[in-house]
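First up is the structure itself, then whatever we jot down about it.
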Amino acid sequence: MKFFIDTANLAQIKEAQDLGVLDGVTTNPSLMAKEGISGEENVLNHYKAICEIVDGDVSAEVISTDYEGMIKEGEALAALNPKIVVKVPMIKDGVKAIKYFSQKGIKTNCTLVFSAGQALLAAKAGATYVSPFIGRLDDISVDGLSLIEEIRLIYDNYGFTTEILAASVRHSAHILGCAKIGADVMTGPLSAILSLLKHPLTDSGLAQFLADHAKAAGQ
Ligand code: E4P
């Protein structure tokens, strides 16, 4: 399963890249705003900076919600770097735009997906990735991982090549749940990725090893 980091923060992206387990980056307008990135030139330059840090795909979301606007924005984003994936919301004009981009060989990530039906449409339009938001479904007491299972079944039934990019991931249980189901990608905050590191028995076991070593060395 590929690990994408879900942030526009360059320091966190670099920390994840240096860890050696990072396969890509996802951003969205809220994550960009959180970093204070605004204005066309600043936005484009920030995506360029992200592409210089990572080796894998970088999702850059369009702001337009009309077909023509999405195409114009998406082509400008795609021209920045081959790593750029144009992120498009699951709305009617977004499905049309994904079809256009897929025919042009431009990678796409269909975002704000909350149902298997939406995921089916994204795959039929030729999306490179589909982003079901599991955390936000959990927030309304709907099992987000069940949606990943549904999409995995449907995509496998018909051999769709669209990759399931589990989004709105909040913690290690989401990551492991996605891995057990067979999501192609998970995108989460650095905290969720680092939470996989931690187990109390690892910490206590290492402490005991070091203490025993020190004792034997007469320290
Ligand atoms: C993908 O990048 C999504 O926009 C992101 O995972 C949403 O996460 P959130 O539900 O925590 O805002």
Side-chain angles (χ1 to χ4, degrees), residues 1-10 12-13 15-17 21-38 43 46-47 49-51 53-54 56-65 70 73-74 77-78 80 83-91 94-95 97-98 101 107-115 118-119 122-123 127-148 151 162-179 181 183-196:
M1 184 167 78
K2 286 181 250 181
F3 277 22
F4 288 7
I5 188 170
D6 201 16
T7 185
N9 181 285
L10 297 180
Q12 289 184 16
I13 293 169
E15 183 175 346
Q17 176 68 22
V21 299
L22 190 64
D23 299 296
V25 179
T26 53
T27 67
N28 64 41
S30 301
L31 292 171
M32 292 288 277
K34 184 178 176 185
E35 300 303 318
I37 310 298
S38 64
V43 166
H46 197 75
Y47 284 130
I50 294 174
C51 290
I53 297 172
V54 302
D57 284 351
V58 176
S59 282
E61 190 159 343
V62 297
I63 301 298
S64 302
T65 53
M70 287 176 178
E73 267 194 79
L77 288 168
L80 287 175
K83 296 171 188 172
I84 291 289
V85 175
V86 179
K87 205 171 177 189
V88 177
M90 173 38 74
I91 56 177
V95 173
I98 287 169
F101 289 129
K107 291 179 283 187
T108 54
N109 177 359
C110 184
T111 190
L112 286 168
V113 168
F114 295 93
S115 74
Q118 289 177 323
T128 311
Y129 299 101
V130 66
S131 289
F133 282 33
I134 61 179
R136 294 194 191 185
L137 285 168
D138 287 359
D139 292 345
I140 61 166
S141 302
V142 174
D143 181 10
L145 286 172
S146 296
L147 176 58
I148 304 294
I151 298 169
T162 298
E163 294 190 49
I164 303 171
L165 194 170
S168 190
V169 163
R170 303 277 168 76
H171 43 65
S172 57
H174 274 161
I175 298 173
L176 294 173
C178 288
I181 293 165
D184 300 285
V185 190
M186 80 87 201
T187 193
L190 181 60
S191 59
I193 296 171
L194 293 179
S195 72
L196 294 172

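Because the structure is predicted, anything quoted here is derived from the model rather than measured. Just so you know, ligand 1 is whichever comes first in the structure, and atom 1 is the first atom listed for that ligand.
Checking Asp139, Asp6, Thr7 against atom 6 (O) of ligand 1, the nearest heavy atom belongs to Asp6.
Screening Asp57, Thr128, Thr26 for a side-chain contact (heavy atoms from CB on, under 4.5 Å) involving Leu165 leaves a single residue, Thr26.
Counting protein heavy atoms only, atom 1 (C) of ligand 1 is closest to Lys87 NZ, 3.1 Å. From the protein, the heavy atom lying nearest to atom 8 (O) of ligand 1 is Ser168 CA, 3.5 Å.
Among all heavy-atom pairs drawn from Gly144 and Asp138, the shortest one is N-OD1, 2.8 Å. For Met90 against Gln118, the heavy-atom pair with the smallest separation is CE-O, 3.1 Å. Thr7 and Val25 get closest at one heavy-atom pair: O-CG1, 3.5 Å.
Judged by distance alone, with hydrogens and angles left aside, the side-chain atoms of Lys87 form no donor-acceptor pair with the main-chain N or O of Asn28 at under 3.5 Å. For Ser131 (side chain) and Thr111 (main-chain N/O), no donor-acceptor pair under 3.5 Å exists by modelled atom type.
Here the straight-line distance linking atom CD1 of Ile5 with atom CD1 of Ile53 works out to 10.0 Å at 0.5 Å rounding.
Geometrically, ligand 1 and Asn28 share a nitrogen or oxygen pair separated by less than 3.5 Å. In terms of polar-atom proximity, Thr187 is not counted as a contact of ligand 1, lacking any N or O under 3.5 Å from an N or O of the ligand.
Shown in contact with Arg136 at under 4.0 Å from a heavy atom are these atoms of ligand 1, numbered in order with element: 9 (P), 10 (O), 12 (O). Close approach to Arg170 involves these atoms of ligand 1, each under 4.0 Å from a residue heavy atom: 10 (O), 11 (O). Close approach of ligand 1 to Thr26 (heavy-atom distance below 4.0 Å) involves ligand atoms 2 (O). The ligand atoms of ligand 1 that sit less than 4.0 angstrom from a heavy atom of Phe133 are 3 (C), 4 (O), 7 (C).
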